[in-house]
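Contents: one structure, followed by commentary.
Letters A, B, ... mirror the listed sequences (proteins, then strands); counts begin at 1. All heavy atoms count here, side chains included; hydrogens, waters and symmetry mates do not.
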2 protein chains.
Amino acid sequence: MIRKADVAELRTQQIIKATVRCLARDGFSQLTMKRLAAEADVSQGALHYYFKDKRAILAAAAEHVMNDLEAQVAAEVGGARDARLRLRAMIRACLSVATKEREFWTVFMALWSETLHDDTLAAINRKTYRRARHAIAKVIEIGVAEGQFKISDVAATSALVLAVVDGISLQLTFEKKLMAAASAERMCETLLLGYLESGRG
Amino acid sequence: MIRKADVAELRTQQIIKATVRCLARDGFSQLTMKRLAAEADVSQGALHYYFKDKRAILAAAAEHVMNDLEAQVAAEVGGARDARLRLRAMIRACLSVATKEREFWTVFMALWSETLHDDTLAAINRKTYRRARHAIAKVIEIGVAEGQFKISDVAATSALVLAVVDGISLQLTFEKKLMAAASAERMCETLLLGYLESGRG
């Protein structure tokens with residue numbers, strides 16, 4: 001038996017995937033509920049049943065791709081046996097989103113553009129960033145507890161680690177051939193380990 | 001006597017400034033040539049004389065804010081007397097754009113959203129990023145020549161320096177109270193100097 005909640009979950013996934021395709025093809029400015037309903041192969045009534053408007057869908061899409069990334073990072077980090085390897089796993093999982101999956105940055109670039117004039121979406125974006133920093137802080141804290149990392153200001157350092165991964169991901173998104181993913185990973189790791197292990201942070 | 005070229009330059013500046021205000025208030029999706037003409041206080045005919053469409057204006061706005069940033073960076077870096085101080089000056093100039101001026105990131109976030117589905121704008125964005133990395137590469141190269149920095153892959157390191165500055169700027173743009181500008185500058189400097197002086201890059 002298929003439960004109602006499962007149907008809702010399936011429909012939501014279907015709509016979000018269609019949203020990502022529409023964003024990549026036409027951009028948020030050309031996104032309409034009508035086009036989206038057609039792309040998702042649902043009726044406009046069904047679309048409106050799940051989402052009030054295209055802003056609500058953009059917010060849901062951001063949460064969806066962030067959940068995906070977080071799950072990938074958790075899976076990679078969970079298997080690593082020390083602080084260095086956990087950092088490496090985290091960097092690798094994040095950069096692989098930039099080089100292999102368009103969805104994440106497609107949604108976030110559309111979202112950022114809207115945050116400039118939409119306080120609700122700006123708040124959702126801030127919440128996503130806090131969540132990312134929090135996940136990074138946990139990796140740093142365990143590294144400190146194990147004696148590998150020497151960091152006094154974990155919160156600020158989390159922002160710094162996120163900045164490096166974000167900044168390189170952006171450039172790789174803009175320019176696929178900028179450098180090999182493996183080189184980018186190694187470089188980020190060397191940069192960040194130097195900081196995390198030095199006692200300067 | 002006011003020359004025709006000066007008038008053109010003034011009009012262009014006026015239109016670009018109006019574009020930034022429109023982007024911050026309504027976003028690119030709500031930007032129309034009609035609204036923009038009203039905001040810039042020029043006729044629609046005059047607007048069309050200078051720019052073909054709103055994409056052309058977005059491209060010009062990106063170039064304009066990038067020129068501004070580059071001039072600020074050059075002024076700060078030019079006065080610094082060694083490699084460390086030049087790096088610090090560059091970081092400070094870039095982060096001050098994120099904390100004090102909305103224009104730069106307003107334009108770039110609107111631009112990025114459009115690069116997803118507009119190859120011309122994507123090419124302009126890539127060109128801007130290459131230009132930024134090139135400016136950073138010069139600072140690194142002089143530091144290497146002076147014996148302060150030990151970097152073998154200057155191109156890759158330029159991308160890394162840009163990533164740090166970009167990534168922190170983004171978070172400061174999203175969340176003004178994330179950390180004080182001075183702390184952010186110090187942290188970026190410590191992170192990057194550790195890498196640039198270590199011989200690991």
Tell me if the NE2 atom of His134(B) is crowded by more than 12 foreign heavy atoms within 6.0 Å. no
Hey, are the side chains of Leu178(B) and Arg133(A) touching, using non-hydrogen atoms and a 4.5 Å cut-off? yes
Contact part of Arg102(B) toward chain A, heavy-atom cut-off under 4.5 Å: side chain, backbone, both or neither? side chain
Looking at Lys150(B), I want to see if its NZ is surrounded by more than 12 non-hydrogen atoms of other residues, nucleotides or ligands under 6.0 Å. yes
Report the distance from atom CG of Leu192(B) to atom OH of Tyr195(A), rounding to the nearest 0.5 Å. 10.5 Å
Nearest 0.5 Å, what's the CG-OG distance between Leu31(B) and Ser29(A)? 10.0 Å
Part of Ala156(B) within contact of chain A (heavy atom distance under 4.5 Å): both
Show your reasoning for whether side-chain contact (heavy atoms from CB on, under 4.5 Å) applies to Leu170(A) and Leu170(B). CA-CA 11 Å; Leu170(A) 274 178; Leu170(B) 274 177; 3.6 Å; yes
Residue part contacting chain A, namely of Phe174(B), when any heavy atom lies under 4.5 Å: both
Chain B: which of Ala159(A), Ala24(A), Ala155(A) shares the most heavy-atom pairs with it under 4.5 Å? Ala159(A)
Evaluate the side-chain proximity of Arg130(B) to Glu175(A): yes if any heavy-atom separation is below 4.5 Å, no if none is. yes
If you take all heavy atoms of Ala110(A) and Ser113(B), which pair is closest and at what distance? CA-OG, 3.9 Å
Crowding at NZ, Lys127(B) (>12 non-hydrogen neighbours, <6.0 Å): no
Roughly how far, to the nearest 0.5 Å, is CG of Leu162(B) from CD of Gln171(A)? 4.5 Å
Backbone of Gly27(B) reached by a side-chain donor or acceptor of Glu114(A) within 3.5 Å: no
Taking atom CG of Asp119(B) as the centre, does the number of heavy atoms from other residues, nucleotides or ligands within less than 6.0 Å exceed 12? no
Heavy atoms from other residues, nucleotides or ligands near NZ of Lys176(B) exceed 12 (cutoff 6.0 Å): yes
Okay, Thr190(A) and chain B: the region with an atom under 4.5 Å from a heavy atom over there is both
Using non-hydrogen atoms and a 4.5 Å limit, figure out which bit of Asp26(B) sits close to chain A: side chain, backbone, both or neither. backbone
Leu160(A) versus Cys188(B), closest heavy-atom pair with distance: CD1-SG, 4.3 Å
In terms of heavy-atom pairs under 4.5 Å with chain A, the winner among Val164(B), Asn125(B), Asp166(B) is Asn125(B)
Hey, could you give me the OG1/CH2 distance between Thr106(A) and Trp112(B), rounded to the nearest 0.5 Å? 14.0 Å
Arg200(B)/Glu189(A) salt bridge by N-O under 4.0 Å criterion: no
Can you confirm whether Arg11(B) is buried at CZ, in the sense that more than 12 heavy atoms of other residues, nucleotides or ligands lie under 6.0 Å from that atom? no
Counting heavy-atom pairs under 4.5 angstrom with chain B, the leader among Gly167(A), Ser198(A), Ala163(A) is Ala163(A)
Which atoms of Met187(B) are under 4.5 Å from chain A, going by heavy atoms: the side chain, the backbone, both sets, or neither? both
To the nearest 0.5 Å, atom CG of Leu191(B) lies from atom CG of Leu191(A) at 4.0 Å
